[in-house]
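Just below is one structure, and these are the notes that go with it.
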Number of protein chains: 2
Amino acid sequence: MATRDNQHEKLTEAQDRFVASWGQMAGAWGISRTMAEAHALLYITGRPMNTDEIMDRLQISRGNASMSIRALLDWGIISRTHKRGDRKEYFEADQDVWSMFRSIVRERMKREVEPLLATLFEIRDASPAPDEAAGDQQKELLAHQKRLEEMLSFMQTMEKLSHRFVSPSGSGLELAAKLLTKFDR
Amino acid sequence: MATRDNQHEKLTEAQDRFVASWGQMAGAWGISRTMAEAHALLYITGRPMNTDEIMDRLQISRGNASMSIRALLDWGIISRTHKRGDRKEYFEADQDVWSMFRSIVRERMKREVEPLLATLFEIRDASPAPDEAAGDQQKELLAHQKRLEEMLSFMQTMEKLSHRFVSPSGSGLELAAKLLTKFDR
DNA sequence: TGGTTGTTTCAGAATAAATTGAAACAAGGC
DNA sequence: GCCTTGTTTCAATTTATTCTGAAACAACCA
């Protein structure tokens, strides 16, 4: 059975490396390392795990595990399961990479882009309106408004785009993306 | 001139709010607040500014200003300018929102996605290969490989997509995005 | 060459974010 | 009710990140 043991060891090592590289990526995107690692672990092992297993594997505290799992549930990229005769809660990751990606985009839009957009509208409406006179200051106010409008229009396009792909039936994005990359240049 | 003063005051206030909301957003995306604020300031004022002006307006130290400006230059979303008879360096933001966005995507891909992709390939190549036998463990190895492949394929699609839009002539994205949002559902 | 102005660097300080661990809380079973 | 098992919360701590300020550096000028 030495071969089998060796295989298993290498599998575990590959999983650990996957988890670690995922965790590294996290910081750059404003996600906590542990949260990313927990998700990576559930994804790459592909089986439901309970809190204790996750704690042990990632070497983290119970509190941290609980909060990270909660966050992943809120993002909608992992779900609860149960095992017969076991009172513990188990968690498993969405195994469809594209649907996972859609969930992430959906949440980030909702949490970060939408509030920003609302603020930008407020700022626009509170910005001083240029009057008819043609002084330099009026020109500047006009330019200010133009810059605000362009940013607003950009973000609105992004929002619509994300809704278009992310929300309902949903799997349009995968097809579109693949088509778009199919023909080089 | 009370009206003019009032207009100017309101303009400054609008700019400050823009800068602040931009800065808030930053944290969620793994960017330092100051860097985002400096960029927002240059964008919304629309005119070249030197280090001292930026320091004063954002209330930050010279060191911080210098490093943030440098980072923005590295990202390619601001550029250096000079004024006749003034030895100071001036900086101005790219005023085209879409080209700005392209620069950001290009850099993030290069810095974060490409290295991750390289690591994923390494992990795949170091993962144990299943043999012909049909045991549970072999099935698991197969499933592991499938998950890795799916993630790899996803990220490769994303990379190609980004190259397609971001790199050369470049302005395709704007058109495509607008078209895609044009027809609801 | 020495003086002046402007820019960069980086060790240490300040700040923000993530993590722990123990207590509080829930949900059963007896 | 009152144990037992599992989960959540949160104040205190640890860790990571950002920022400061002064010194080093660079470029120009007289």
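Note on naming: letters A, B, ... go to the chains in the order of the sequence lines (proteins, then strands), and numbering restarts at 1 for each one.
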Residue list, side chain to side chain contact (heavy atoms under 4.5 Å, CB included) with A:Glu122, at least two apart or on another chain: B:Arg17
Listed partners of A:Gln137 passing side chain to side chain contact (heavy atoms under 4.5 Å, CB included), at least two apart: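 Result, side chain to side chain contact (heavy atoms under 4.5 Å, CB included) vs A:Gln137: B:Arg4, B:Gln7, B:His8.
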Using nucleotides 2-6 of chain C, report all nitrogen or oxygen pairs with the protein that are shorter than 3.5 Å.
from: C:dT5; atom 1: O2; to: B:Arg87; atom 2: NH2; distance (Å): 3.2
from: C:dG6; atom 1: OP1; to: B:Lys88; atom 2: NZ; distance (Å): 3.4

query: Just wondering, are more than 12 heavy atoms of other shown residues or ligands nearer than 6.0 Å to CG in B:Asp136?
result: no
query: Does B:Gln24 CD have over 12 foreign heavy atoms under 6.0 Å away?
result: no
Using a 3.5 Å distance criterion without hydrogens, assess whether the side chain of [X] forms a donor-acceptor pair with backbone atoms of [Y].
X: A:Gln95; Y: A:Tyr43; answer: yes
X: A:Arg80; Y: A:Phe91; answer: no
X: B:Ser162; Y: B:Glu159; answer: yes
X: B:Gln145; Y: B:Leu142; answer: no
X: B:Arg33; Y: B:Gly23; answer: no

field: Geometric class of the B:Phe18/B:Trp22 ring pair [parallel <30°, tilted 30-60°, perpendicular >60°]
entry: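 The rings of B:Trp22 and B:Phe18 lie parallel, inter-plane angle below 30°.
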query: From the 5' end of DNA chain D to its 3' end, which nucleotides mark the outer limits of contact with chain B, defined by a 4.0 Å heavy-atom distance cut-off (strictly under)?
result: D:dT18 to D:dA27
message: Please list, in numerical order, the residues of residues 22-49 of chain A that have a heavy atom closer than 4.0 Å to any atom of DNA chain C.
response: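 Per residue number, the list reads A:Ser32, A:Arg33, A:Thr34.
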message: Short of 4.0 Å, heavy atom to strand atom, which residues of residues 67-77 of chain A count as contacting DNA chain C?
response: none
- prompt: Is A:Arg108 positioned over the aromatic face of B:Trp29, cation under 6.0 angstrom from the ring centre and no more than 45 degrees off axis?
  reply: yes
message: Under the criterion salt bridge (charged side-chain N to carboxylate O under 4.0 Å, His left out), I'd like the reasoning laid out for B:Glu107 against B:Arg111: C-alpha separation, chi angles, the key distance, then a yes or no.
response: CA-CA 6 Å; B:Glu107 285 299 311; B:Arg111 293 172 195 209; 3.0 Å; yes
